Amino acid sequence: MAAAPSEDACAMISLLGFWADAGVGYAYGEAPVDRMAEGRAKLRAPAKAPKAAPAPPPQPRAGAPAQNIAFAIETAKDFAAAATNLEELQAAIAGFEGCPLRYSGARQAVFARGEPNAPVMVIGEGPGGEEDEQGAPFVGRAGKLLDKMLAAAGLTNRVFITNTVFWRPPGNRTPTPEEQAVCMPFVERAVELVKPQLLILAGGASAKAMLRTNEGILSLRGRWSVWTSADGGLTVPALPTLHPAFLLRQPQAKKKAWQDLMSLAVKLEP
Ligand code: URA
């Protein structure tokens with residue numbers, strides 16, 4: 001039988017869990033790294049065109065003041081519209097310089113994972129530490145729980161997973177409505193390209209941004225809505241549910257999330 005961990009080991013595990021929950025996911029090197037300076041240096045470099053946009057418009061500058069947000073959204077719309085498939089969309093996001101989150105310490109753009117023709121699309125809030133490191137959404141603790149839940153509902157290999165923003169918010173804070181608005185044209189284009197039957201909106205920040213509501217997730221969850229694209233041209237039934245990171249903190253809420261997934265499984269065409 002394995003020996004029980006010592007009191008010191010338990011204290012260390014608890015401390016590491018505390019730091020991880022606070023968004024501190026890495027042991028960095030001995031020397032400090034000024035990631036804000038990296039962002040500033042990139043800003044001084046000429047804007048790079050995404051593969052899909054032959055003649056890119058001038059790009060908004062990061063650290064964007066409020067009046068620049070509208071310009072960033074228009075630029076994002078142009079970039080997103082030029083993408084004819086998911087690979088081009090990923091390249092367009094990677095080349096997009098209008099989201100302030102890009103310059104707030106994120107290592108890379110995190111777009112999506114899963115089946116390009118999936119019947120179900122999961123839209124989370126934004127990448128966390130593991131996602132920022134690996135470049136794929138929902139690959140950390142919350143993602144592992146999400147995968148287990150999707151598997152239990154028979155949805156393995158039947159989902160496409162992305163987020164409302166594509167760069168990790170500093171300290172794993174909730175993305176702001178402005179950050180989400182700047183990324184939304186890319187999210188919408190992803191929905192257009194994947195053409196899912198149903199959307200799962202994981203967490204309050206996702207549900208509020210996608211459904212354009214201020215209602216809290218506890219009242220939204222489990223109630224079917226219809227997501228509509230900004231131009232009204234596309235609609236997809238959408239189910240807000242509890243975020244897996246919330247379920248890790250409040251395991252007693254898993255029953256509600258399970259009910260939500262069952263409602264989705266029933267609605268899903270074979
Ligand atoms: N939480 C999210 O909302 N998205 C991720 O990709 C990871 C954690």
Side-chain angles (χ1 to χ4, degrees), residues 17-26 86 89-90 93-94 99 101-102 104-116 118 120-151 155-156 159-184 186-188 190-191 194 196 199-211 213 216-218 220-221 227 238-251 253-254 256-257 260-261 264:
F18 170 82
W19 285 119
D21 286 345
V24 181
Y26 310 103
L86 291 168
L89 186 60
Q90 178 162 22
I93 292 167
C99 181
L101 285 175
R102 183 177 175 141
S104 303
R107 294 176 174 207
Q108 58 183 318
V110 175
F111 174 43
R113 69 176 169 95
E115 296 302 308
V120 175
M121 185 157 162
V122 178
I123 304 179
E125 299 186 351
E130 283 285 327
E131 290 76 20
D132 182 49
E133 188 169 331
Q134 294 187 37
F138 281 105
V139 291
R141 281 174 70 219
K144 294 204 167 64
L145 176 58
L146 176 67
D147 284 349
K148 274 192 203 157
M149 292 166 56
L150 293 171
L155 293 171
T156 302
V159 287
F160 184 84
I161 301 176
T162 189
N163 280 305
T164 61
V165 297
F166 305 107
W167 291 268
R168 179 196 188 185
N172 291 350
R173 67 160 168 74
T174 304
T176 66
E178 288 75 23
E179 291 156 358
Q180 291 177 308
V182 167
C183 293
M184 192 54 77
F186 296 112
V187 179
E188 291 209 353
V191 179
V194 175
L199 299 179
I200 297 178
L201 309 177
S206 168
K208 285 180 185 178
M210 296 301 292
L211 300 178
T213 176
I217 188 65
L218 292 178
L220 287 171
R221 69 138 281 276
W227 170 79
L239 183 66
T241 192
L242 301 171
H243 194 284
F246 175 79
L247 300 176
L248 287 172
R249 294 191 299 273
Q250 310 267 335
K254 282 183 184 167
K256 289 191 172 124
D260 298 346
L261 275 182
L264 181 118

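Remember, predicted model here, so these are calculated numbers, not experimental data. Whatever order the structure lists them in is the order used to number ligands and atoms, beginning at 1.
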Once you round to the nearest 0.5 Å, how far does [atom1] of [X] lie from [atom2] of [Y]?
| X | Y | atom1 | atom2 | answer |
| --- | --- | --- | --- | --- |
| Thr156 | Lys148 | OG1 | NZ | 12.5 Å |
| Trp167 | Ser104 | CH2 | OG | 11.0 Å |
| Phe138 | Thr162 | CZ | OG1 | 9.5 Å |

Under a 4.0 angstrom heavy-atom cut-off, which atoms of ligand 1 come close to [X]?
| X | answer |
| --- | --- |
| Pro137 | 6 (O) |
| Gly124 | 3 (O) |
| Glu125 | 2 (C), 3 (O) |

For ligand 1, does [X] get within less than 4.0 Å through its side chain, its backbone, both, or neither, judged by non-hydrogen atoms?
| X | result |
| --- | --- |
| Ala142 | neither |
| His243 | side chain |
| Glu131 | side chain |

Legend entry - Check: Phe138 N/O within less than 3.5 Å of ligand 1 N/O: yes
Inset, instruction - State whether the shortest distance between N or O atoms of Pro127 and N or O atoms of ligand 1 falls below 3.5 angstrom. - result: no
Inset, instruction - Would you please say whether a donor-acceptor pair under 3.5 Å links the side chains of Thr164 and Gln180? - result: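 Looking only at side-chain atoms, Gln180 and Thr164 do form a donor-acceptor pair, the distance falling under 3.5 Å.
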Legend entry - Validation row: Trp227, Val191 side chains within 4.5 angstrom (heavy atoms): yes
Legend entry - Closest protein heavy atom (residue, atom, distance) for atom 5 (C) of ligand 1: Gly126 O, 3.4 Å
Legend entry - Nearest-neighbour protein heavy atom for atom 4 (N) of ligand 1, which is reported as residue plus atom name and distance: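 Among all protein heavy atoms, the one nearest atom 4 (N) of ligand 1 is Asn163 OD1, 2.8 Å.
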Legend entry - Ion pair check, Asp260 and Lys254, cut-off under 4.0 Å: no
Legend entry - Side-chain ion pair, Glu133 and Arg168, N-O less than 4.0 Å: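 Judged by the 4.0 Å cut-off on N to carboxylate O distance, Glu133 and Arg168 do not form a salt bridge.
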